[in-house]
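Okay, so here's the structure we're looking at.
These numbers come from the heavy atoms of this one structure, side chains and all, not from hydrogens, waters or symmetry mates.
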Amino acid sequence: MAGRPKSYDKDMAMKAFVDVFWTKGFDATSIDDLQAAAGIKRGSFYAAFGGKDEVFQAALQRYWDEVTEPGLSSLTSNKSPLDSLAEFIRHIGAFMSANTFRGCLLLSSAVAKTEPQTVKGAVAGHMSKMEIHLKSHLEKDLDLNAAGPDCIEAITAYVLTVLMGLNALARTGHDGKTIALAADCAARSLKAELFV
């Protein structure tokens, strides 16, 4: 009887790696943690996945593909750019509410003091992609465009600050209702006179 395809095993292991890094963070995750999550011996682990840095980068890419990018898809709704951005913030609030003590793998990694340049570069690259996505979305708003690039820069920075704050609330164990209320307040503030 043929064994289970190797690609299936690696796929399941990668899901487990995402979970380990998401829960513990890069620095607190050991090779033993990853090896246990994959259910394979150390030698086989290195042969199949490489070192910790490579595994993290692959896990972060998977997280981006399966969590971050689908979340950003709410920005393509038929609503106005600011309204869909508010919807995105509420979506993030709901996500954080469901992931207390873990928050977001990407946002948590962005503020962690990790040493490997490869890891820092991977995280910075994904954060840059998110920022570019937010800016390009806001540039569709004719009123914001007319207000100039400083307005779009300010809103983008504000949204990133909100996301970081919601992540901090989740990571420190605040209850889901508090996180959702904070997200809703931030979403409604996008209509404030300061931004329009």
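For the pair His137 and Ser84, the tightest heavy-atom approach, listed with the atom from each and the gap, is NE2-OG, 2.7 Å. Considering all non-hydrogen atoms of both residues, Ser108 and Asn167 come closest at OG-ND2, 3.1 Å. The nearest pair of heavy atoms linking Leu166 to Ala182 is CD2-CB, 4.0 Å. The shortest heavy-atom contact between Ala180 and Ser97 is N-OG, 3.7 Å. Closest approach of Lys52 and Thr29 over heavy atoms only: NZ-O, 2.6 Å. Residue Ala59 comes nearest to Phe21 through the heavy atom pair CB-CD1, 3.9 Å, listed as atom of the first residue, atom of the second, then distance.
The CD atom of Glu131 sits 5.5 Å away from atom CG of Leu160, with the distance rounded to the nearest 0.5 Å. Atom CD of residue Glu139 and atom OG1 of residue Thr156 lie 8.0 Å apart, to the nearest 0.5 angstrom. Atom-to-atom distance recorded for Ile92:CD1 and Met164:CE is 12.0 Å, nearest 0.5 angstrom.
Under the rule for a side-chain contact (heavy atoms from CB on, under 4.5 Å), the partners of Asp141 that lie at least two apart in sequence or sit in another chain are Pro81, Leu82, Asp143, Leu144. For Asp27, the salt bridge (charged side-chain N to carboxylate O under 4.0 Å, His left out) test picks out no residue, with sequence neighbours left out. Every residue two or more places apart in sequence or in another chain was checked for a side-chain contact (heavy atoms from CB on, under 4.5 Å) with His91, and none qualifies. The side-chain contact (heavy atoms from CB on, under 4.5 Å) test applied to Val67 returns Tyr63, Phe95, not counting sequence neighbours. Partners of Ser44 under the side-chain contact (heavy atoms from CB on, under 4.5 Å) rule, at least two apart in sequence or in another chain, are Ile40. Take Phe17 and apply the ring pair (Phe, Tyr, Trp, His ring centres under 6.0 Å) test, not counting sequence neighbours, and it matches Phe45, Phe49. The ring pair (Phe, Tyr, Trp, His ring centres under 6.0 Å) test applied to Phe26 returns Phe56, not counting sequence neighbours.
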Practice problem: Begin from the C-alpha positions of Val159 and Leu138 and carry the test side chain to side chain contact (heavy atoms under 4.5 Å, CB included) through to its verdict. | Solution: CA-CA 11 Å; Val159 172; Leu138 288 168; 5.9 Å; no
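Sequence neighbours left out, the pairs with a member in residues 104-133 that pass ring-ring contact (aromatic ring centres under 6.0 Å, His included) are Trp64-His126. Among residue pairs with one or both ends in residues 157-166, none qualify as salt bridge (Lys or Arg N to Asp or Glu O under 4.0 Å); sequence neighbours excluded. Every pair passing salt bridge (Lys or Arg N to Asp or Glu O under 4.0 Å) that includes a residue from residues 152-177 is listed here, sequence neighbours excluded: Lys135-Glu153. Within the structure, salt bridge (Lys or Arg N to Asp or Glu O under 4.0 Å) contacts touching residues 62-88 (residues at least two apart or in different chains) are Asp11-Arg62, Arg62-Glu66, Lys79-Glu87, Asp83-Lys191.
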Enumerate, atom names and distances included, each donor-acceptor pair closer than 3.5 Å involving a side-chain atom of residues 31-38, sequence neighbours excluded.
from: Asp32; atom 1: OD1; to: Arg42; atom 2: NH2; distance (Å): 2.4
from: Asp33; atom 1: OD2; to: Lys24; atom 2: NZ; distance (Å): 2.8
from: Asp33; atom 1: OD2; to: Ser30; atom 2: N; distance (Å): 2.9
from: Asp33; atom 1: OD2; to: Ser30; atom 2: OG; distance (Å): 3.1

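Checked for salt-bridge contact, Arg188 and Asp184 meet the test: a charged N lies under 4.0 Å from a carboxylate O.
Taking the side chain as every heavy atom from C-beta outward, Leu75 and Leu134 approach each other to under 4.5 Å. Looking at heavy atoms from C-beta onward, Ile155 lies in side-chain contact with Leu85 at the 4.5 angstrom threshold. Counting heavy atoms from C-beta outward, Thr68 and Lys129 have side chains that stay 4.5 Å or more apart.
Note on Val111 and Leu169: same hydrophobic cluster, where clusters join Ile, Leu, Val, Met, Phe, Trp and Tyr whose side-chain heavy atoms are under 4.5 Å apart, directly or indirectly.
At least one donor-acceptor pair closer than 3.5 Å links the side chain of Ser73 to the backbone N or O of Pro70. No side-chain donor-acceptor contact under 3.5 Å links Gln61 to the backbone of Ala58. Not a single donor-acceptor pair under 3.5 Å links the side chain of Trp22 to the backbone N or O of Leu106.
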